[in-house]
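Take a look at the structure set out below.
Sequential numbering from 1 along the given sequence is applied to the chain's residues. As a basis for the values below, the full set of heavy atoms in this structure was taken, side chains included, without hydrogen atoms, waters or symmetry mates.
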Amino acid sequence: MKKKLLLISIILTFAIPILSGCFEGEEEVAQPNPQEEYNKTFEYAINESNKLLDRYSSNLDKLYIDEYTPEQFGVIVREVIGTSNDIVTKVDRTDASKEMFEFHQKVLTYLQNQHNLFLSSISQANAAKNNQQITLDKQNLRNSYMEVKTEQSNLLKQWKEMSGLSVELNNSVEQAQ
């Protein structure tokens, strides 16, 4: 019996320090990469934005070729505005890390500029609907659209340079109704 107790004591004397050393490193939890975490938000913002911009551009083209009246164009833009507002709100409520805060503000500014394009468009469409003497400034709307797309392209480039991550863009273009 004494031999068994001695053997157990010896084993425990050596086993406890060895086993406790094995688990020391496991207490440290790897911190998530802030850019990898924010990439989900950025992908959402860009992909949802592209859906709206594709729809807007397609319907603006229909306005150019007189397939749509300003009133029909206004109906489509009215729908886009609601979705745009939801996107801005969702991204604005994202808790960006301090490392990502400045870039997050740029994304929000971009989304607000896009939303302002839609608001300006509906304002013009409403004015044209209410007064036949007023026409939509289609060229101005197209130029504003191109400015938003350029801003988006610059954000994508900056993101790739800053994070080294690519944004998985949805390649399916939704047809405007």
Exercise for the section: Would you confirm whether Ser153, through its side chain, and Thr150, through its main-chain N or O, come within 3.5 Å as a donor-acceptor pair? Expected result: no
Problem - Asn116: partners by side chain to side chain donor-acceptor pair (under 3.5 Å), with sequence neighbours left out - result: none
Completion exercise
Interatomic distance, CD1@Ile87 vs CG@Leu108, rounded to 0.5 Å, equals 12.0 Å
Exercise for the section: Step through the shown structure and confirm whether more than 12 heavy atoms of other residues, nucleotides or ligands are within 6.0 Å of CE on Met162. Expected result: yes
Practice task
Test salt bridge (Lys or Arg N to Asp or Glu O under 4.0 Å) on Lys51 and Glu48 and set out the steps.
Solution key: CA-CA 5 Å; Lys51 289 177 189 175; Glu48 293 303 308; 3.0 Å; yes
Exercise for the section: Would you check if there is a donor-acceptor pair between the side chains of Lys149 and Asn50 at a distance under 3.5 Å? Expected result: yes
Practice task
Would you check if Leu63 and Pro70 make a side-chain contact, meaning some heavy-atom pair closer than 4.5 Å?
Solution key: yes
Practice task
Can you sort out the partners of Phe101 under side chain to side chain contact (heavy atoms under 4.5 Å, CB included), two or more places apart, ordered by chain and number?
Solution key: Gln105
Problem - side chain to side chain donor-acceptor pair (under 3.5 Å) partners of Glu37, counting only residues at least two apart - result: none
Problem - Check: Leu119 main-chain N/O paired with Ser123 side-chain donor or acceptor under 3.5 Å - result: no
Practice task
Check whether any side-chain N or O of Gln72 sits under 3.5 Å from a backbone N or O of Thr69 as a donor-acceptor pair, and report yes or no.
Solution key: yes
Handout entry: Crowding at CG, Asn130 (>12 non-hydrogen neighbours, <6.0 Å)
Key = yes
Handout entry: Val75 reachable from Leu53 in the ILVMFWY side-chain graph, under 4.5 Å edges
Key = no
Problem - Nearest-0.5 Å distance that lies between atom CD1 in Ile76 and atom CG in Asn59 - result: 4.5 Å
Handout entry: Asn39 vs Gln35 side-chain heavy atoms within contact, under 4.5 Å
Key = no
Problem - Side-chain touch Asp54/Ser58, heavy atoms, less than 4.5 angstrom - result: no
Handout entry: Heavy-atom pair of closest approach, residues Thr109 and Glu151
Key = C-OE2, 4.0 Å
Handout entry: salt bridge (charged side-chain N to carboxylate O under 4.0 Å, His left out): pairs with one or both residues in residues 129-140, sequence neighbours excluded
Key = none
Practice task
Check the pair Ile81, Val77 against side chain to side chain contact (heavy atoms under 4.5 Å, CB included), reporting the backbone distance first and the verdict last.
Solution key: CA-CA 6 Å; Ile81 287 173; Val77 174; 4.1 Å; yes
Exercise for the section: Give every residue pair that meets the salt bridge (charged side-chain N to carboxylate O under 4.0 Å, His left out) criterion with at least one member in residues 99-111, sequence neighbours excluded. Expected result: none
Exercise for the section: Only counting residues at least two apart or in another chain, list the ones meeting side chain to side chain contact (heavy atoms under 4.5 Å, CB included) with Thr135. Expected result: none
Practice task
Without swapping roles, check the side chain of Asn113 against the backbone of Glu147 for a donor-acceptor pair under 3.5 Å.
Solution key: no
Fill in the blank from the handout: Separation between CG (Asp95) and OG1 (Thr41), nearest 0.5 Å, reads 9.5 Å
Exercise for the section: Report the residues that fulfil side chain to side chain donor-acceptor pair (under 3.5 Å) with Ser57, sequence neighbours left out, ordered by chain and then residue number. Expected result: Arg142
Handout entry: Close side-chain approach of Leu156 and Glu161, heavy atoms under 4.5 Å
Key = no
Practice task
Sequence neighbours left out, what passes side chain to side chain donor-acceptor pair (under 3.5 Å) with Glu67? Give chain and number order.
Solution key: none
Completion exercise
Those residues at least two apart in sequence (or on a different chain) that pass side chain to side chain contact (heavy atoms under 4.5 Å, CB included) with Asn131 are Gln133, Ile134
Practice task
Go through Thr94 and Val107 one step at a time and tell me if the side chain to side chain contact (heavy atoms under 4.5 Å, CB included) criterion holds.
Solution key: CA-CA 11 Å; Thr94 299; Val107 172; over 6 Å; no
Problem - 4.5 Å side-chain heavy-atom contact, His104 and Val91 - result: yes
Completion exercise
Residue pairs meeting ring pair (Phe, Tyr, Trp, His ring centres under 6.0 Å), one or both in residues 119-167, sequence neighbours left out, come to Tyr38-Trp159, Phe42-Trp159, Phe103-Trp159
Exercise for the section: To the nearest 0.5 Å, tell me how far Asn126 CG sits from Leu136 CG. Expected result: 9.5 Å
Practice task
For Thr89, check side chain to side chain contact (heavy atoms under 4.5 Å, CB included) against everything at least two apart and list the hits.
Solution key: Asn85, Arg93
Practice task
Validate the cation-pi geometry between Lys62 and Phe73: distance from NZ or CZ to the six-membered ring centre under 6.0 Å, angle to the ring axis within 45°.
Solution key: no
Handout entry: Pairs touching residues 108-133 that satisfy ring pair (Phe, Tyr, Trp, His ring centres under 6.0 Å), sequence neighbours left out
Key = Tyr56-Phe118
Handout entry: For Pro34 against Ser97, the heavy-atom pair lying closest together
Key = CB-OG, 3.3 Å
Fill in the blank from the handout: In this structure, CE of Met100 is separated from CG of Asn33 (nearest 0.5 Å) by 9.0 Å
Practice task
Quick one: pull up CD in Gln114 and OG in Ser84 and give me the separation to the nearest 0.5 Å.
Solution key: 5.0 Å
